Amino acid sequence: MIDVVLLPGRDKAARRRHPWVLSGAVARVQDAAESPQGAWSRVLSAEGETLGFGHYCPASQIRVRLLVFGKDPPDDALLVERIGHAVARRAADPLIGETDAVRLVNGEADGLPGLVVDRYRDVVVAKLGSAGMSVRRALLAGALREATSAPSGFERADPVAARREGVAAHQGVLWGAPEPRVSIRERGRRYLVDLVHGQKTGFYLDQRDSRDWVESLAAGRRVLDLFSYTGGFSVAAARAGAASLTVVESSADALALARENVAAAAQTPHATFFETDAFRFVRQDTGCYDLIVIDPPPLARRAGDVQRAARAHKDVLLFALRRAAPGALVFSFACSHAVDAKLLRQVAFAATLDAGRPAQVVRELGAPADHPVSLDHPEGVYLKGLLLRV
Ligand code: SAH
């Protein structure tokens with residue numbers, strides 16, 4: 001086993017059970033094996049006390065991803081056990097509700113840093129986002145197959161993580177013969193999901209609870225869905241009986257699937273689809289809406305981008321508010337970790353002030369129960385939203 005010895009005074013995070021040992025906290029590495037990529041390592045304080053065990057990655061800023069705190073060395077059976085627990089927790093969770101598309105493993109929150117697994121009906125889709133997980137591909141596939149009894153498994157490449165971790169990006173079948181496109185059913189809503197080319201692992205499972213809100217509020221309303229992807233919110237609005245639907249998305253593939261999904265959801269959708277830049281669209285649009293969803297991609301990839309991201313969030317909300325009818329409902333989301341709930345409120349305040357459209361916060365929104373966050377790992381928070389009433 002590799003020993004990773006921390007610098008004096010740099011043991012606080014590990015003692016607080018934070019799962020990341022950053023490269024700047026490491027004094028030296030002993031007994032690094034010939035191929036240390038992803039190997040088990042023991043993390044020690046400068047004084048030589050064992051703090052925990054995790055997966056070592058010489059290439060990453062996150063030098064060790066801790067899986068265990070304490071003195072007892074683990075082995076790979078721990079991963080199998082944790083996958084079993086994560087899957088069983090979802091199966092027994094009434095908060096997730098009726099759906100055949102669920103996040104089964106949410107990385108650090110499930111004690112499995114670097115691993116994200118979603119199930120889409122018969123297909124389990126995994127992303128191996130750390131060296132530790134990448135070198136255990138076969139073990140993880142076996143454990144997921146066993147825990148889920150799913151007929152097939154597929155791995156989606158994560159090129160950004162692969163570059164960071166110094167491993168080769170890998171995409172392909174894990175077991176069985178997965179269909180590239182799956183039809184899922186989420187609390188009555190049906191969606192086609194492209195598991196091979198779609199964003200994330202194919203679908204934004206994290207917006208499930210907010211889709212419920214849209215579905216319960218959209219009846220009779222003129223709806224604008226900005227950054228629609230494959231029509232997650234539009235389908236909810238169509239099912240609710242929205243008066244009209246305006247769908248805006250820059251990706252042609254995503255918008256094509258949105259058309260299919262909306263068409264299947266309602267007989268007379270009164271839907272118009274725009275393949276365009278939503279930031280520009282909202283400036284030029286002259287429509288009037290009673291329910292607006294603003295769900296942009298992550299606008300701050302790192303802390304240094306926060307001010308620019310806040311301006312972009314404010315801008316799109318400001319112009320959307322000008323298109324809002326009196327009493328309109330506006331869903332405003334941010335999915336960058338760096339744009340936190342407080343900042344999102346400040347952005348909303350500034351936008352309503354500049355637009356001259358005072359608004360109330362009706363609800364704070366976030367990711368559903370299958371996307372838990374570990375209190376030990378606040379970096380796991382990313383999605384937040386506000387439901388505003390103009
Ligand atoms: N609301 C969606 C998820 C949106 S993710 C759902 O619930 O499924 C953000 C989406 O914004 C992605 O589909 C991305 O392709 C799209 N996008 C990114 N930049 C854009 C832009 N400038 N204009 C319009 N769409 C954009």
Side-chain angles (χ1 to χ4, degrees), residues 99 101-103 118 120 125 182-187 189-195 197-215 217-218 223-240 242 245-262 264-265 271-285 291-301 305 308-309 311-317 319-320 329-337 339 365-368 370-371 382-387:
T99 176
V102 175
R103 171 145 301 186
D118 292 332
Y120 297 100
V125 183
V182 174
S183 166
I184 60 159
R185 193 187 178 94
E186 174 193 83
R187 300 177 185 166
R189 299 178 289 266
R190 281 188 178 285
Y191 298 98
L192 283 169
V193 179
D194 183 338
L195 302 182
H197 307 290
Q199 298 176 22
K200 292 221 176 189
T201 59
F203 196 59
Y204 286 82
L205 294 173
D206 54 3
Q207 289 288 28
R208 186 188 307 117
D209 287 355
S210 294
R211 285 190 282 272
D212 286 357
W213 280 102
V214 167
E215 188 163 344
L217 293 166
V223 173
L224 173 62
D225 184 3
L226 295 172
F227 309 93
S228 72
Y229 186 49
T230 56
F233 289 112
S234 291
V235 166
R239 273 174 53 86
L245 204 47
T246 304
V247 186
V248 184
E249 163 64 45
S250 63
S251 152
D253 289 348
L255 196 67
L257 216 45
R259 282 178 192 273
E260 282 193 59
N261 285 330
V262 169
T272 325
F273 296 84
F274 295 91
E275 182 194 321
T276 187
D277 177 8
F279 294 101
R280 197 165 337 129
F281 178 92
V282 79
R283 281 172 184 268
Q284 295 167 353
D285 187 31
L291 192 154
I292 301 174
V293 179
I294 308 170
D295 187 18
L299 300 177
R301 295 280 176 192
D305 297 341
R308 201 170 41 79
R311 275 197 299 279
H313 279 289
K314 181 191 157 189
D315 228 42
V316 64
L317 178 56
F319 285 100
L329 298 166
V330 180
F331 290 77
S332 173
F333 294 102
C335 62
S336 315
H337 172 73
V339 178
L365 306 161
D370 53 343
H371 293 61
Y382 67 100
L383 180 63
K384 48 252 138 195
L386 294 172
L387 169 51

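Just so you know, ligand 1 is whichever comes first in the structure, and atom 1 is the first atom listed for that ligand. Predicted model, so just to flag it, every value in this text is computed and none were measured. As a basis for the values below, the full set of heavy atoms in this structure was taken, side chains included, without hydrogen atoms, waters or symmetry mates.
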* Qualifying residue, where the test is side chain to side chain contact (heavy atoms under 4.5 Å, CB included) with L257 and the options are V193, V262, D194 -> D194
* Using 30° and 60° as the class limits, which term best fits the ring planes of F333 and F233: parallel, tilted or perpendicular? -> parallel
* Asked: Is any NZ, NE, NH1 or NH2 atom of the basic residue among D206 and K200 found under 4.0 Å from an Asp or Glu carboxylate oxygen of the other?
  -> yes
Polar pairs, ligand 1 vs protein, N/O only, below 3.5 Å.
unit_1	atom_1	unit_2	atom_2	d
ligand 1	1 (N)	F227	O	3.2
ligand 1	1 (N)	D295	OD2	2.7
ligand 1	13 (O)	Q199	OE1	3.4
ligand 1	13 (O)	Q199	NE2	3.2
ligand 1	13 (O)	E249	OE1	2.8
ligand 1	13 (O)	E249	OE2	3.2
ligand 1	15 (O)	Q199	NE2	2.9
ligand 1	15 (O)	E249	OE2	2.6
ligand 1	17 (N)	S250	OG	3.4
ligand 1	22 (N)	D277	OD1	2.8
ligand 1	23 (N)	A278	N	2.8
ligand 1	25 (N)	S250	N	3.2
ligand 1	25 (N)	S250	OG	3.3

* **4.5 Å side-chain heavy-atom contact, Q199 and Y204** => yes
* What is the ring orientation for F281 with F274, classed by angle as parallel under 30°, tilted 30 to 60°, or perpendicular over 60°? -> tilted
* Structure fact -> Note: I292 and A320 closest approach over all heavy atoms is CD1-O, 3.4 Å
